[in-house]
Every structure is written in C-alpha cells, then in structure tokens.
Amino acid sequence: MSHVMNTYARLPVAFSHGSGCRITDTEGREYLDALSGIAVSTLGHAHPKLVAAIAAQAGRLLHTSNLYRIREQEELADKLAALSGMQEVFFCNSGCEANEAAIKLARFYGHKKGVETPTIIVMEKAFHGRTMATLSATGNRKTQAGFEPLVSGFVRVPYNDMEAIRAVAEHNKNVVAVMLEIVQGEGGIHIAALDFQRELRALCDAQEWLLICDEVQCGMARTGKWFGYQHAGILPDVATLAKGLGSGVPIGACMTGGKAAGLFGPGNHGSTFGGNPLACTAALTTIATIEQDGLMARAECIGALIRKLFGEALAGTKGVAEIRGHGLMIGIELERPCGELVGKAMAAGVLLNVTADKVVRLLPPLIFGENEARELVDRVAPLIRDFLAG
Ligand SMILES: *Cc1c(COP(=O)(O)O)cnc(C)c1O
C-alpha cells in the first residue's frame with residue numbers, strides 16, 4: 001500500500017469477489033453495490049455472459065494494433081453509431097481521453113473555419129477528467145489548484161443558463177463549441193433542462209458551433225435511454241463515452257456526427273490500446289446484454305422507484321434539500337456536508353458515494369431489481385435520518 005501513490009483517500013476495505021449486485025470484501029462481508037465502481041459495472045459483478053465473452057476473446061486475441069483493421073472495433077463502431085445517431089467513433093481507454101479527443105476535434109474544427117484561438121464554452125460544476133485539458137474544462141477550482149497554468153481556450157457559464165451562453169456568443173467570436181454533461185455526475189446530479197438542451201442545439205446550429213455531450217457517466221442506458229441527449233430528441237456533434245461502456249473493462253469512445261464527422265484523418269489522433277479486441281468485446285457484450293435483458297427500461301423504472309421510496313422514507317425529514325435524478329443516476333442533496341455517510345453506509349452493508357460535499361450519489365448497476373431497490377432504501381434512509389437528527 002505504501003508504494004501506491006497517495007492520490008485517493010481510500011476507505012479501509014478491499015474486495016475479493018462479486019456476483020450480480022453484491023460484492024464481498026476480503027473479510028467475507030457482503031455489500032449491496034449501489035455505486036458500480038462509479039457507474040462502471042453496468043452488468044454488475046461477474047455477469048456470466050460478460051465473463052464468458054471476455055474469456056473466449058482472451059483465448060483468441062487480446063491486442064493487435066490500430067495499425068491494422070480490428071474486426072471487433074468495426075462492429076462496435078457500427079453498433080454505437082446505430083444506437084447514438086452518430087457517424088464515426090474513435091476508441092480510447094477512459095473518459096478523459098475521450099474528452100481530450102473531443103477538445104482536439106473542436107480546436108481542429110475551429111482552425112478549419114479560420115478561428116486562430118478556438119474557445120469552448122464549458123459549464124460550472126462540470127467534470128470532464130484529470131488530464132490537463134480536461135482538468136481545465138472541469139468546473140471545480142479545488143481540483144485545478146496547484147496545476148496552473150491551465151490549458152487556455154475555455155470560457156465558463158452557469159449550467160442551464162441560455163442567457164449566459166448567448167451573452168458569450170455576442171462578445172466572443174472565438175467560440176467553436178459548447179461542452180456539457182446532460183446529467184452532471186461529479187457536480188452533484190444536476191440535469192440539463194430539456195428546453196435548455198433544445199435551445200442550445202439551435203444556438204449551436206445558428207452559430208456553427210459543435211455541441212459536445214460528455215456522456216461518460218450518464219450514457220450507456222443509465223438514464224433510461226442509451227444516451228442522455230436522447231431524452232430531448234437532440235443530436236450532438238460529438239459525444240463521449242467511457243465508464244459503463246465496457247462494464248469494467250477500460251474503454252472510452254469519442255463519437256462524431258454532423259459538422260464534426262470526417263474532421264480527423266490519419267495522423268490527427270491515435271491511441272495504442274484504444275479499441276483493442278478485448279475491450280471491444282466487453283463493450284459489445286455489455287450492449288447486447290442491455291438489449292436482450294431490457295436493462296434500459298429497467299434503469300428508468302427502478303430509478304424512479306428508488307427516488308419514490310426515498311421520497312416516502314425521508315418525507316418530513318429536516319435537512320433533505322432535494323431528491324433528484326434520472327434513471328439510475330440519483331442524488332439526495334442534504335443541507336450540510338455528509339461525507340461520513342459513505343462509511344456509515346458501508347457499515348450497514350451498502351456501497352454508495354457522496355459528491356459535491358452534500359449529495360448522496362447512487363449509481364447502481366443496471367441489473368438492479370425491485371428487491372435491491374427496497375433493500376437499498378430500507379438500509380440507507382434510516383442512516384440519513386439519523387445523520388440529520390444528530
Ligand atoms: C468520470 C468522468 C470523466 C473522466 O473519466 P476517466 O475515465 O476517469 O478519465 C469524464 N467525464 C465525466 C462526465 C465523468 O463522469
């Protein structure tokens with residue numbers, strides 16, 4: 001442990017195995033997993049179809065190179081294009097890399113239009129990753145502190161604020177794109193209003209800006225549609241994916257359509273590991289299982305059930321600011337910082353997370369069922385009540 005760089009305030013627990021919505025620590029204690037490793041374990045743990053597909057692929061071929069055609073990558077790109085309405089997909093290994101590709105695309109697009117210092121509008125409380133460009137796009141001063149100089153070329157506006165974006169449009173002729181999460185995850189489960197999304201799409205069209213949706217956390221069926229932007233019936237020019245895409249096998253994707261399609265050619269971007277046969281097989285199997293088992297509709301209705309049950313269990317509790325969410329992306333905002341609830345929930349056998357200081361965040365695997373939903377609320381609601389009473 002002492003040789004692991006100290007970049008996370010880790011909880012004193014390690015896990016040895018899991019099955020479905022349950023995960024077991026090295027002491028043999030079992031937990032209900034309502035976090036999915038931060039929206040990653042889409043199919044829960046040790047899903048038999050995923051295990052079999054990964055094992056078979058490992059026995060055939062793990063890695064070749066993007067110097068060659070990769071059959072699994074082509075198949076996954078076709079599938080993602082069909083599901084998303086986008087046209088092209090670049091594969092990488094994580095969310096920040098997917099967003100780096102999106103940022104590079106936006107700048108490339110700007111230069112092609114003759115904009116010498118292309119600028120991207122980003123949102124307050126946004127989270128786009130930890131690399132220099134994505135950290136600069138992220139709307140959290142704390143995570144940026146100490147890493148200046150930040151990458152230039154971003155202007156920040158409040159979330160859900162069309163007027164602020166229009167004001168930037170009037171004064172800043174260098175804007176080439178707007179980048180946002182349709183549901184902000186790390187920022188505390190904030191949802192972009194449908195009208196805001198549609199007006200933003202129209203403004204991006206009128207201004208010839210790229211609309212970039214960071215779907216790293218809210219994509220992959222978590223909100224009840226494949227991608228968050230589909231609830232508003234809009235189509236971005238760029239959409240990024242990672243987290244839940246491979247259900248635990250690292251893979252990211254930057255998808256382009258509209259004005260952003262066809263921008264990159266050979267030499268403009270790359271990745272050694274990106275889209276290798278193993279990762280693409282994991283993603284293809286994740287998608288096929290979501291389809292076969294109807295997990296998208298389930299995410300929507302189980303998420304609504306969890307919110308309803310928490311609403312009932314916490315009705316009249318002083319100190320609960322709001323219970324909100326979309327599908328299996330749920331936030332319970334309290335009126336004061338509540339980080340200690342993470343440990344209390346663990347002691348009660350539940351994995352969850354607190355983000356933005358005051359928001360209990362739930363990101364259960366998409367296989368979560370009604371029984372798990374009830375168990376989750378039965379175990380966690382009393383902890384919140386006790387915490388707020390204390
Ligand atoms: C987690 C996250 C990222 C960063 O993903 P990494 O795989 O950790 O680089 C980017 N955007 C959003 C919305 C995220 O939730």
Side-chain angles (χ1 to χ4, degrees), residues 1 4 8-51 54 185-186 188-189 217 220-222 243-244 246-250 282 286 289 293 295 298-299 302-303 305-307 309-310 313-314 323 325 327-332 334 337-388 390:
M1 192 65 180
V4 174
Y8 280 85
R10 292 172 199 272
L11 293 155
V13 64
F15 302 99
S16 63
H17 59 281
S19 175
C21 301
R22 313 272 160 183
I23 186 164
T24 304
D25 72 16
T26 49
E27 311 283 300
R29 275 187 301 258
E30 195 181 80
Y31 304 81
L32 178 66
D33 187 357
L35 187 62
S36 312
I38 317 185
V40 168
S41 309
T42 306
L43 303 180
H45 301 285
H47 193 288
K49 282 183 194 160
L50 186 61
V51 172
I54 292 173
E186 304 304 303
I189 314 292
Q217 193 163 149
M220 289 306 291
R222 182 157 287 281
K243 290 203 166 87
S247 208
V249 177
T286 300
T289 307
D293 296 354
L295 298 184
R298 182 156 153 163
I302 297 294
L305 176 66
I306 292 172
R307 292 199 303 279
L309 293 174
F310 269 114
L314 296 175
I323 300 169
L328 289 174
M329 235 181 140
I330 297 165
I332 303 169
L334 306 187
C338 59
E340 65 195 79
L341 280 172
V342 172
K344 289 182 193 290
M346 269 187 70
V350 176
L351 300 188
L352 52 70
N353 171 255
V354 168
T355 191
D357 293 333
K358 302 187 287 193
V359 183
V360 177
R361 179 171 51 162
L362 304 168
L363 300 163
L366 268 51
I367 56 167
F368 231 60
E370 199 178 316
N371 289 341
E372 284 87 15
R374 292 184 188 283
E375 180 183 337
L376 173 66
V377 179
D378 286 347
R379 291 206 204 178
V380 174
L383 300 178
I384 294 177
R385 279 199 302 267
D386 289 352
F387 171 77
L388 289 170

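- Taking every heavy atom of both residues into account, Ala46 and Gly18 meet most closely at CB-O, 3.4 Å.
- Between His47 and Asp293, the closest side-chain pair of non-hydrogen atoms falls below 4.5 Å.
- A distance of 11.0 Å separates CG in Leu376 from CD1 in Ile302, rounded to the nearest 0.5 Å.
- Just one of Glu372, His45, His17 meets the side chain to side chain contact (heavy atoms under 4.5 Å, CB included) condition when paired with Arg22; it is Glu372.
- Here the side chains of Leu295 and Arg298 are in contact, with some heavy-atom distance below 4.5 Å.
- What you find for Met329 and Ile189 is that their closest heavy atoms are O-CG2, 3.8 Å.
- The local environment of NZ in Lys49 is crowded, with over 12 non-hydrogen atoms from other residues, nucleotides or ligands closer than 6.0 Å.
- Separation of atoms SG (Cys21) and CG (Leu32) is listed at 6.5 Å; rounding is to 0.5 Å.
- For the pair Leu383 and Leu341, the tightest heavy-atom approach, listed with the atom from each and the gap, is O-CD2, 3.8 Å.
- Annotation: the span from Ser41 atom OG to Ile23 atom CD1 amounts to 7.0 Å, rounded to 0.5 Å.
- Nearest approach of Leu366 to Met220, heavy atoms of both residues: CD2-O, 3.6 Å.
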Evaluation steps, side chain to side chain contact (heavy atoms under 4.5 Å, CB included), between Leu50 and Thr289: CA-CA 9 Å; Leu50 186 61; Thr289 307; over 6 Å; no
Quick one: side chains of residues 355-365, donor-acceptor pairs under 3.5 Å with protein atoms, not counting sequence neighbours, listed by atom name and distance.
{"from": "Thr355", "atom 1": "OG1", "to": "Glu186", "atom 2": "O", "distance (Å)": "2.5"}
{"from": "Arg361", "atom 1": "NE", "to": "Asn353", "atom 2": "OD1", "distance (Å)": "3.0"}
{"from": "Arg361", "atom 1": "NH1", "to": "Glu186", "atom 2": "OE2", "distance (Å)": "2.7"}
{"from": "Arg361", "atom 1": "NH1", "to": "Gln217", "atom 2": "OE1", "distance (Å)": "2.8"}
{"from": "Arg361", "atom 1": "NH2", "to": "Glu186", "atom 2": "OE1", "distance (Å)": "3.3"}
{"from": "Arg361", "atom 1": "NH2", "to": "Glu186", "atom 2": "OE2", "distance (Å)": "3.3"}
{"from": "Arg361", "atom 1": "NH2", "to": "Asn353", "atom 2": "OD1", "distance (Å)": "2.8"}

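- To the nearest 0.5 angstrom, Ile330 atom CD1 is 7.5 Å from Phe310 atom CZ.
- In this structure, the side chain of Arg379 does not engage the main chain of Val350 through any donor-acceptor pair within 3.5 Å.
- With rounding to the nearest 0.5 angstrom, the CZ atom of Phe15 is 7.5 Å from the CG atom of Asp33.
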Residue pair Leu328, Ile306: steps toward the side chain to side chain contact (heavy atoms under 4.5 Å, CB included) verdict: CA-CA 9 Å; Leu328 289 174; Ile306 292 172; 4.0 Å; yes
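- Residue Leu43 forms a side chain to side chain contact (heavy atoms under 4.5 Å, CB included) with just one option from Ser36, Ser247, Pro48, and that option is Ser247.
- Across Ala39 and Arg222, no two heavy atoms sit closer than the pair CB-NE, 3.7 Å.
- Residues satisfying the ring-ring contact (aromatic ring centres under 6.0 Å, His included) criterion with Phe387, sequence neighbours excluded, are absent altogether.
- By the salt bridge (charged side-chain N to carboxylate O under 4.0 Å, His left out) test, Glu30 is found to be paired with no residue, residues two or more places apart in sequence or in another chain being considered.
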